[in-house]
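Labels below follow one simple rule: chain letters A, B, ... track the order of the sequence lines, proteins then strands, and each chain is numbered from 1.
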Amino acid sequence: MLALEIRDLRKIYSNNVEALKGVSLKVREGDFFALLGPNGAGKTTLIGIVTSLVNKTSGSVQIFGHDLDSQKSFAKSLIGLVPQEFNLAIFEKVENILLQQAGYYGISRSLAKQRAEKYLKKLDLWEKRESQVRELSSGMKRRLMFARAMMHEPKLLILDEPTAGVDLEIRRSMWSFIQGINREGVTIILTTHYLEEAENLCRNVAIIDHGEIIANTSVSDLLSTLQTESFVLFLAQPCAELPVIDDLVLRKIDDKTLEIDLKKTHSMNYVFEHLSANNIVVNSMRNKVNRLEEMFMLLTKNGRS
Amino acid sequence: MNAQNWIAYWTITEREIRRFLRIWGQSLVPSAITTSLYFIVFGGLIGNRIGSLHGFSYAQYITPGLVMLAVITNSYTNVSTSFYLSKFIRNIEEVLVSPATSTVILLGYITGGVIRGLLIGAVVILISLFFTHIVIAHFFIMLLVIVLSSALFSIFGFINALYADNFDQISIIPTFVLTPLTYLGGIFYSIEMLPSHWQIVSHFNPVLYMVNTFRYGMLGQSDVNVVGSIIVLSLVAVLSFCLAWILLEKGVGIRT
């Protein structure tokens, strides 16, 4: 079953900017789906329309087969949103934020209280339940927005840059939380600027640029189309002279650091054989840039050229 | 409304009530102070020289108008400020993404405004007891007029907040429209005291009908037709509700 089906979605703003140019997209139930795109590509508009925060110009959106126009209330009850920017009532108490959110979805107070306790504990905010939102740190506010989005236990959770501006530790705990709810069957749509996040978490991806979908496939298929990968090699001993190896592009960064562009047709063994033959010992290595980032740059650059 | 909508409606209403009670120093106290000042200055010092109006002391005569003045301004401000603030900090999105319908959202905000109106009306009546003797001629008409007037001005406040792009724009209407209308709406005088042409002009002021109908409920005296006023007030409230509903449904001022 499809969790989200978008057909020929268009959005023209009042200033005549065409933010979406007939976008069609399908996200399967249970998927962990990345929606990527450069700033101004149309991601936020797309999410805005799906979550009823932006009026569409034309096209249709279905949530688990329920049309967002004709079955609005029911379709909306299936969606949860963690927005990019903080949109919490700062003078409200943490627990009240969650109870109110449940109330907007018609959830009884007793069930709301149970869920508030469950998600506040899961997201390590239980001790802060009586605090006002303005007293929370940025990381805590992020986690509170996660808890808020989960209060009606949506089947489709949309995360718009959910870990922007939070430290690594909190980001990892959020990843673990999101992976947990995805395992429980919740479909996740994630937009993020951290492409490492998308590569590690998501199974499928769509890249949007200039209001159009320019790629829509699985993350692994997308990465397999990369023809070249760049690696940074950290050497055990200084390398005086750069060796010449057929078909390989090597660059010297400093005496103990090399960069190499490896074609898909070459194996790592091929590289190491030649380096060993030139008495170069590699201590460690890493990708120069995240692979998805490389692909993303390639696709969005192509879109612009 | 089904159970789900009732819960959503009550959640918005309760949130609105808690909001104005939390800021009681800003929401309830100012009306109590200004009402006391009106009674001291107009009811006591000046009123004693005016004598009686339609058989009532001046302090008694202005009491219904002072109640309506407080009710109208508080209902309007409650909804316009609260809704605009939600737009400003964007927590209105919490409601907009939820299945709560436009009717539920609108009714929740209006009920919040009406309850503040009723509460402030009670506060002003309570204060008036320190300055004058209060008689209540028709309690249910009083109650009906307060509810209708505060509902109507809550809706106006809601529409104002939908269109407002900054805080200045939610104070323009109260300052330049609401205040002149209320002060010229027969709070401090009977329109019979005006020259005939100003009497005609006054009949175009909707607040005149609210003040006088409420005065009828409280003192049993009115410059206008009470039944006609209540019918018109109800019709205007229904039409305004429909307008606000259409604007909300279209997302004017809240959805791009």
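In this structure, B:Arg15 does not pair ionically with B:Glu94, as no charged nitrogen and carboxylate oxygen lie closer than 4.0 Å. The pair A:Lys122-A:Glu184 counts as a salt bridge, with a side-chain nitrogen and a carboxylate oxygen less than 4.0 angstrom apart. Between A:Lys56 and A:Asp69 a salt bridge is recorded (basic side-chain N to carboxylate O distance below 4.0 Å). A salt bridge links A:Glu117 and A:Lys121; the closest N-O separation between the charged side-chain nitrogens and carboxylate oxygens is under 4.0 Å.
The aromatic rings of A:Phe177 and A:Phe146 sit perpendicular, their planes meeting at an angle over 60°, well past the 30° parallel limit.
The contact between A:Gln100 and chain B is made by backbone and side chain atoms together, counting heavy-atom distances below 4.5 Å. For A:Ile97, the part lying near chain B is the side chain, with the backbone staying farther off; criterion is any non-hydrogen pair under 4.5 Å. Neither the backbone nor the side chain of A:Ile79 has a heavy atom closer than 4.5 Å to any heavy atom of chain B. Heavy atoms closer than 4.5 Å to chain A are found in the side chain of B:Arg22, but not in its backbone. Looking at B:Ile254, the atoms closer than 4.5 Å to chain A (heavy atoms on both sides) all sit in the backbone: N, CA, C or O. Both the backbone and the side chain of B:Thr256 come within less than 4.5 Å of a heavy atom of chain A. With a 4.5 angstrom heavy-atom cutoff, A:Tyr105 touches chain B via backbone and side-chain atoms both. Heavy atoms of A:Phe74 lying under 4.5 Å from chain B are absent altogether.
Side chains of A:Asp31 and A:Thr187: no donor on one and acceptor on the other come within 3.5 Å.
Among A:Leu81, A:Leu78, A:Ile90, A:Thr51, the residue with the largest count of heavy-atom pairs under 4.5 Å with chain B is A:Thr51. In terms of non-hydrogen atom pairs under 4.5 Å with chain B, the most contact-rich of A:Lys11, A:Glu92, A:Lys72 is A:Glu92. With respect to chain B, the highest number of heavy-atom pairs below 4.5 Å among A:Ser108, A:Ala89, A:Ala149 belongs to A:Ala89.
Taking the ring centroids of B:Tyr76 and B:Phe156, they lie at or beyond the 6.0 Å cut-off.
Among B:Val145, B:Ile187, B:Leu66, the single residue meeting the side-chain contact (heavy atoms from CB on, under 4.5 Å) criterion with B:Val211 is B:Ile187.
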